[in-house]
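See structure below.
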Amino acid sequence: MHSTIKTSQEKQCTIVVVGPTASGKSAIATALAKKYNGEVLSADSRQIYRGLDIGTGKEPGYDATFIDATGRTRNMYVSDNVAHHMINIVHPTTIYSAAKFVKKAQRIHADICARGKTPIICGGTLFWAQALVEGTVFPSVPPNPSLRAALRDQSPAALLQKLQERDPAYAKIVDPRNPARLIRAIEVATALGAIPRVSSVAPIKNPLILALSPSRDILYTRIEKRMDHWFATGIFDEIVHAHTALRVPWVRLEQFGLEYKWCTRYVRGYVSFATMRTNTLRDLKHYAKRQETWLRRWERSNPYIIRIHTLSDAMHHYSRHTLCRPSQKKS
RNA sequence: GCCGAGGUAGCUCAGUGGUAGAGCAAAGGACUGAAAAUCCUUGUGUCGAGAGUCCGAUUCUCUCCCUCGGCA
């Protein structure tokens with residue numbers, strides 16, 4: 001039952017490994033990649049940045065190149081002898097987005113399949129992972145920096161008013177007190193006249209979605225341990241290096257959130273070590289909680305998500321999935 | 001031992017003669033080109049203990065206990 005050799009009955013599938021921070025996604029994804037001739041496609045909104053390694057939880061590795069299915073040379077990241085994609089793809093000052101991620105990741109996914117490998121989507125940015133799996137098409141309105149700057153200081157009420165003038169229907173369903181939501185809605189409505197309905201095109205076929213879900217006690221312990229390990233192994237140097245050698249402004253570093261936010265302040269002498277540590281830990285726990293909330297919601301709309309705890313759970317479900325799939329055929 | 005300031009939600013503290021709130025934490029939720037971001041909802045606790053005054057005390061008085069300063 002645990003055969004690692006592909007039989008003719010096995011069908012190609014994409015493994016998806018999600019879960020909160022510090023739940024052990026990377027280790028499982030890498031192990032699955034070795035087991036099933038796979039390549040990892042990262043869905044992590046921070047590991048895309050070069051030079052942010054420790055605090056983003058990158059597994060040790062190096063940048064390398066490979067030849068894709070069309071014969072082109074492409075970049076990848078190699079960790080534990082496994083190819084990883086969507087890691088170290090942009091400079092930290094680059095503004096990236098979920099839409100860009102989905103577009104690029106779809107191409108990479110197709111290429112992995114074309115080369116006969118098993119794609120393993122792995123990441124903690126559930127928004128990105130779900131959008132990729134479901135093939136979400138975002139309104140094709142890129143961010144408008146000057147509009148955003150102009151709206152930045154307006155009250156939610158004023159923003160809502162503006163949105164009502166453009167798209168009253170959408171104004172009824174947005175979060176009326178969330179500036180980020182309101183500004184994006186105004187941005188889209190200004191460009192297109194109204195907010196288009198969201199559509200899902202080109203979802204990933206035959207996904208096996210595995211969700212790591214350690215108990216909260218265990219997770220919080222792991223988060224704290226990992227955080228202290230980062231403090232001890234050079235995250236402060238990394239931040240200083242990003243600022244001096246990579247010329248990443250301090251404000252930008254703070255924008256990355258979590259430890260980058262607090263360690264940057266600590267490195268600059270604005271907060272004590274104790275404050276930095278306490279706040280980082282608090283924010284990490286909040287983050288993990290939001291990831292779990294997202295996962296629960298996704299589960300409500302997708303009954304095929306499977307909760308797992310170990311690598312052998314993952315392998316067990318992979319075997320079942322590839323050998324005798326439930327009727328989830330394309331229609 | 002004396003003087004002073006306090007003891008109210010897990011923490012920091014407001015507050016009132018008619019049995020109490022805020023922030024943070026915690027829990028839950030939202031999320032469609034910022035997502036490690038952004039935002040929403042949820043607060044009954046012997047108001048340190050005992051006694052007294054009062055129709056009624058967490059609020060006033062007394063005693064005690066504890067904490068923190070200062071003086072010895």
Side-chain angles (χ1 to χ4, degrees), chain A residues 18 20-22 42-49 52 54-58 90 92-105 123-145 147-149 151-152 155-156 159-160 170 173-192 195-201 216-217 220 223 226-227 230 235 251-264 275 278-301:
Chain A
V18 292
T21 185
S42 164
D44 186 301
S45 69
R46 294 299 183 260
Q47 293 191 2
I48 60 170
Y49 297 112
L52 306 185
I54 296 171
T56 62
K58 270 177 215 167
V90 291
T93 51
T94 307
I95 305 294
Y96 213 73
S97 70
K100 280 189 185 175
F101 166 78
V102 171
K103 282 182 193 165
K104 190 174 169 93
T125 306
L126 279 286
F127 176 41
W128 288 18
Q130 187 178 356
L132 174 59
V133 169
E134 299 185 346
T136 303
V137 177
F138 296 99
S140 54
V141 179
N144 180 339
L147 179 69
R148 288 187 182 193
L151 299 175
R152 187 203 311 277
S155 70
L159 293 169
L160 186 61
Y170 197 77
I173 57 168
V174 270
D175 184 346
R177 298 206 239 175
N178 189 333
R181 290 284 114 66
L182 290 163
I183 290 173
R184 161 95 290 230
I186 293 168
E187 190 170 71
V188 175
T190 303
L192 303 179
I195 285 89
R197 297 207 78 180
V198 180
S199 52
S200 276
V201 183
R216 198 156 282 184
D217 279 358
Y220 282 3
I223 286 173
R226 193 163 78 142
M227 178 189 75
W230 290 342
I235 189 167
V251 261
R252 178 61 178 162
L253 283 166
E254 285 198 26
Q255 278 175 8
F256 293 125
L258 303 182
E259 47 277 310
Y260 287 103
K261 177 175 176 179
W262 292 105
C263 292
T264 297
T275 301
T278 305
N279 291 341
T280 302
L281 186 58
R282 179 199 60 203
D283 288 355
L284 282 166
K285 288 175 178 175
H286 286 167
Y287 172 49
K289 207 154 108 57
R290 270 179 277 131
Q291 290 174 302
E292 289 177 335
T293 299
W294 187 291
L295 187 59
R296 273 181 236 123
R297 188 180 64 137
W298 194 8
E299 276 179 324
R300 272 178 238 129
S301 67

Name the pairing partner of [N], where a pair is Watson-Crick or G-U wobble with both distances under 3.5 Å, or state none.
N: B:rU59; result: none
N: B:rG69; result: B:rC3
N: B:rC39; result: B:rG29
N: B:rG23; result: B:rC11
N: B:rG17; result: none

Rounding to an integer number of angstrom, what distance separates [N] and [M] when you compare their [atom1] atoms?
N: B:rC11; M: B:rG48; atom1: P; result: 14 Å
N: B:rA49; M: B:rU58; atom1: P; result: 9 Å
N: B:rC68; M: B:rC13; atom1: P; result: 14 Å
N: B:rG18; M: B:rC55; atom1: C1'; result: 10 Å
N: B:rU61; M: B:rG45; atom1: P; result: 29 Å
N: B:rU32; M: B:rU44; atom1: C1'; result: 41 Å
N: B:rC40; M: B:rG6; atom1: C1'; result: 37 Å
N: B:rG33; M: B:rU42; atom1: P; result: 28 Å

Review point. Can you find a donor-acceptor pair, distance only, under 3.5 Å between A:Arg216 side chain and B:rA27 base?
Key: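 Between B:rA27 and A:Arg216, which were checked side chain against base, a qualifying N/O pair under 3.5 Å is absent.
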
With sugar-phosphate meaning primed atoms plus P, OP1 and OP2, does [X] contact a base, only sugar-phosphate, or nothing at under 4.0 Å between heavy atoms?
X: A:Gln130; answer: nothing
X: A:Lys261; answer: nothing
X: A:Asp44; answer: base
X: A:Pro139; answer: base
X: A:Phe101; answer: nothing
X: A:Arg282; answer: sugar-phosphate
X: A:Thr21; answer: nothing
X: A:Trp128; answer: sugar-phosphate
X: A:Thr136; answer: base
X: A:Arg197; answer: nothing

Rounding to a whole Å, what distance do you find between [X]:[atom1] and [N]:[atom2]?
X: A:Arg184; N: B:rC39; atom1: CZ; atom2: P; value: 18 Å
X: A:Arg226; N: B:rA36; atom1: CZ; atom2: C1'; value: 11 Å
X: A:His286; N: B:rC39; atom1: NE2; atom2: C1'; value: 14 Å
X: A:Ile48; N: B:rA34; atom1: CD1; atom2: C1'; value: 11 Å
X: A:Arg46; N: B:rA36; atom1: CZ; atom2: P; value: 6 Å
X: A:Asp175; N: B:rA37; atom1: CG; atom2: P; value: 16 Å
X: A:Tyr287; N: B:rA34; atom1: OH; atom2: C1'; value: 14 Å
X: A:Asn279; N: B:rA25; atom1: CG; atom2: C1'; value: 12 Å

Check your understanding: Stacking here means centres under 5.5 Å and planes under 30°; does A:Phe127 stack on B:rA35?
Key ->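 Per 5.5 Å and 30° rule: yes, stacked.
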
So does [Y] get a backbone contact from the side chain of [X], meaning a donor-acceptor N/O pair under 3.5 Å?
X: A:Lys261; Y: A:Asn279; value: no
X: A:Arg252; Y: A:Pro92; value: yes
X: A:Ser45; Y: A:Thr125; value: no
X: A:Arg46; Y: A:Phe256; value: yes

Among [options], the nucleotide that comes nearest once only the side chain of [X] is considered:
X: A:Phe138; options: B:rA34, B:rA27, B:rG33; value: B:rG33
X: A:Tyr220; options: B:rC39, B:rA37, B:rA27; value: B:rA27
X: A:Arg177; options: B:rU41, B:rA37, B:rG33; value: B:rU41
X: A:Thr293; options: B:rA30, B:rC39, B:rG33; value: B:rA30
X: A:Arg296; options: B:rG28, B:rA30, B:rA35; value: B:rG28
X: A:Arg300; options: B:rA25, B:rA37, B:rA30; value: B:rA30

**Study point:** Check ion pair A:Arg184-A:Glu187 (N to O, under 4.0 angstrom)
**Key:**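 Counted as a salt bridge, because a side-chain N and a carboxylate O are separated by less than 4.0 Å.
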
Practice item. Determine: side-chain N/O of A:Arg290 to OP1/OP2 of B:rG28, distance under 4.0 Å, yes or no. Key: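 A:Arg290 to B:rG28 OP1/OP2: no side-chain N or O under 4.0 Å.
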
Exercise for review: Give a yes/no on whether any side-chain N or O of A:Ser97 is located under 4.0 angstrom from OP1 or OP2 of B:rA35.
Suggested key: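 False: A:Ser97 side-chain N/O out of range (4.0 Å or more) of B:rA35 OP1/OP2.
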
Just verifying a value: how many Å separate [X] [atom1] and [Y] [atom2], rounded to the nearest 0.5 Å?
X: A:Glu259; Y: A:Leu253; atom1: CD; atom2: CG; answer: 12.0 Å
X: A:Thr190; Y: A:Asn144; atom1: OG1; atom2: CG; answer: 8.0 Å
X: A:Ser42; Y: A:Phe101; atom1: OG; atom2: CZ; answer: 7.0 Å

Point to revise | Ring geometry between A:Phe138 and A:Phe127 (parallel below 30°, tilted from 30 to 60°, perpendicular above 60°) | key: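 Aromatic pair A:Phe127/A:Phe138 classed perpendicular.
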
Exercise for review: Using the closest heavy atom to pick a nucleotide of RNA chain B for each, name whichever of A:Lys285 or A:Trp294 lands nearer the 5' end.
Suggested key: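 Its nucleotide being nearer the 5' end, the pick is A:Lys285.
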
Check your understanding: Hey, which of these two, A:Arg181 or A:Leu284, hits RNA chain B nearer its 5' end, going by closest nucleotide?
Key ->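 Mapping each residue to its closest nucleotide by heavy atoms, the 5'-most match is A:Arg181.
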
